[in-house]
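Encoded as structure tokens, the structure appears first; notes follow it.
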Amino acid sequence: MKHLLTKKSVIVKIALVAFVLVFLAHQLTYSPYNPYDFFQNGRKGIIPIKAFFDGLEKYAVHGDRLKGNYINEKVHDAPSKDREFLYSKEYLEGILNIKDETFQKLKESHHGFVNEHMPHLLDTVGVATFGELTPKSDKWESYRNSAGYVLIGGGKYSWLAYLVVKQIRMTGSTLPVEVFIPTKSDLDARFCNEIMPKYNARCNMLDSSLLEYLSLKFNLSGYQYKMLAIMASSFENVIYLDSDLYPLKNVEYLLTSDLYKEKGLLIWPDYWSRTTNPKYYEIAGLHVPEKKVRYSQYDRAQAEKKGEGLRDLKDYTFKDSNFHDFENTLPNPTSEAGVMLVNKTSHVRTLLLALYYNVYGPNFYYPLLTQGGAGEGDKETFIAAATVMQEPWFQTQKQFMWVGYHSEDTSKFESKALGHYDPITAKDDDKPAPLIFSHCSYPKHWTDWMYNNNDLIYKTSGEHIRMYKGTYENIGYDLDLRLLTAFTEALCEDIWLEKEKEDNIPLDQREEYMGNFLEYINNDREVNKKRCEEVYVPHLKWLQQTTQYPDTLKPE
Ligand SMILES: *[C@@H]1O[C@H](CO)[C@@H](O)[C@H](O)[C@H]1NC(C)=O
Ligand SMILES: *[C@@H]1O[C@H](CO)[C@@H](O)[C@H](O)[C@H]1NC(C)=O
């Protein structure tokens, strides 16, 4: 009996030690999902991400960089519906100072990329989609028709991404989310390991040796991470969202729409006129004949001035018409690209060329496509690439809603966000349509920005403001209350200290409080307490007390 007892306690001890060891090993070796592992584990039918970059430097352009290199000054910014300013071919050719030698290099490199490198990737390497899987992989069948959201996080961006993920779930969408973390130092391991899985989300990283290779060889940063995030994602169909761009309702229906099936690339419009340098079309091998195919508001204004009707399209010339009304050009308005839906298989060529445009974007293709105009960056690279590769795309026709409020302090409309419409039903600028996204870019929901500009929340008289009021009727809930609730719960520890009195859960065990999980929040604890006390918590209380939409916080 005694003997047996000892044996039992030995077994218990061994089991305990084994458990602790397994637990520790798990903690030590756990790393977020890493697609590159597939390859390193020797899996079949995998093309490592590095292969998309091998040999790419052969098509680099070594001429004078075009960024900021103007003959006189950057391009004039006018709204796409401007009636006065003429973006003629001659005007648009006179902005960037493109030396003939640089132009020839750009043209040769572009031609080489499209006609040598791309066929090499597709036919020799065996690229079948904009990612690492091929039909030879046993994962291919489950990859086909998969879909999910892709965001970019890392450091303070993981904070914004978290708020967007919360809203994705509030809309009732259940598709998985991948938050791409561009650099290892910005990982926030507890956030990735403990918080993300609760939302059917995960952090996605590249192998650190691959990151090193990419940053040494191609100096990737900023906008360029979007291509990497899409490429590294495990979904065939990607809903890409900037980390300050919130879906306002469940947008999964877009993926099964005929529009998406037919086009495979959906994007949303910006406000500004297209200011692409005509030389870009020559570089890309797109011939633009002097054949006008559409009218601008400029044409209508001119006709009115002369008391005439619009002339026949064939009677216009490069001299008296907007260049981007001619055949083979990209139409107005420009794109916003903070949100994009793309099928990585049907649009593999488009994405490969967009990758090229983005790798050589900051110095060459961003300036060529925008010439210093508003929001210069990756935004035009997607429809430009699709146009060159002759793959379909669709940009929502109704432009967008300026979301904001009329300020009594400044006596003008203060714009805080762009509301994007449903691409399927929003055909006409003059007719109402459902809003489905809000790009909350001014202010972004940084903890300091919202606080330091609390005139965004309060009038000078001390009264509160609803920043996003213009959307409520359209979407059927109170967006200010919705977003500030998630924000305040994640930021303000005093809310939880108060709650602890009721449920005895200590602050450091609160999953809702991001001070436990994100350095960005934890590093500023004392300051955040003050911000919460002075601004965020009182504002939230006011929003709660005055809302016209009591169901705002019920998930859909
Ligand atoms: C690398 O990228 C950074 C950020 O865009 C830029 O400031 C820097 O000049 C680039 N370096 C080179 C060598 O292109
Ligand atoms: C994505 O593209 C592939 C290849 O063209 C096609 O077979 C598939 O049906 C597309 N998926 C969706 C959801 O449209």
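Source: prediction; values computed, not measured. First listed ligand is number 1; within each ligand, the first listed atom is number 1.
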Of the side chain and backbone of Thr256, name the one, both, or neither that has a heavy atom under 4.0 Å from an atom of ligand 2. neither
Which of the atoms of ligand 2 are close to Asn145, meaning less than 4.0 Å from one of its heavy atoms? 11 (N), 13 (C)
Looking only at protein heavy atoms, which one is nearest to atom 5 (O) of ligand 2, and what is the separation? Ser346 CB, 3.4 Å
Is there a heavy atom of Arg144 sitting under 4.0 angstrom from any atom of ligand 2? yes
Evaluate the ring planes of Tyr280 and Tyr357, with Trp represented by its six-membered ring, and classify them as parallel (under 30°), tilted (30 to 60°) or perpendicular (over 60°). perpendicular
Do Asn474 and Tyr421 have side-chain N/O donor and acceptor atoms under 3.5 Å apart? no
Going by the salt bridge (charged side-chain N to carboxylate O under 4.0 Å, His left out) test, which pairs reach into residues 238-257, not counting sequence neighbours? Asp244-Lys444
Looking only at distances, can you tell me whether any N or O atom of Asn343, backbone or side chain, sits closer than 3.5 Å to an N or O atom of ligand 2? yes
Straight-line distance of Thr334 OG1 to Trp272 CH2, nearest 0.5 Å: 9.0 Å
Only counting residues at least two apart or in another chain, list the ones meeting side chain to side chain donor-acceptor pair (under 3.5 Å) with Asp478. Arg466, Tyr472, Thr547
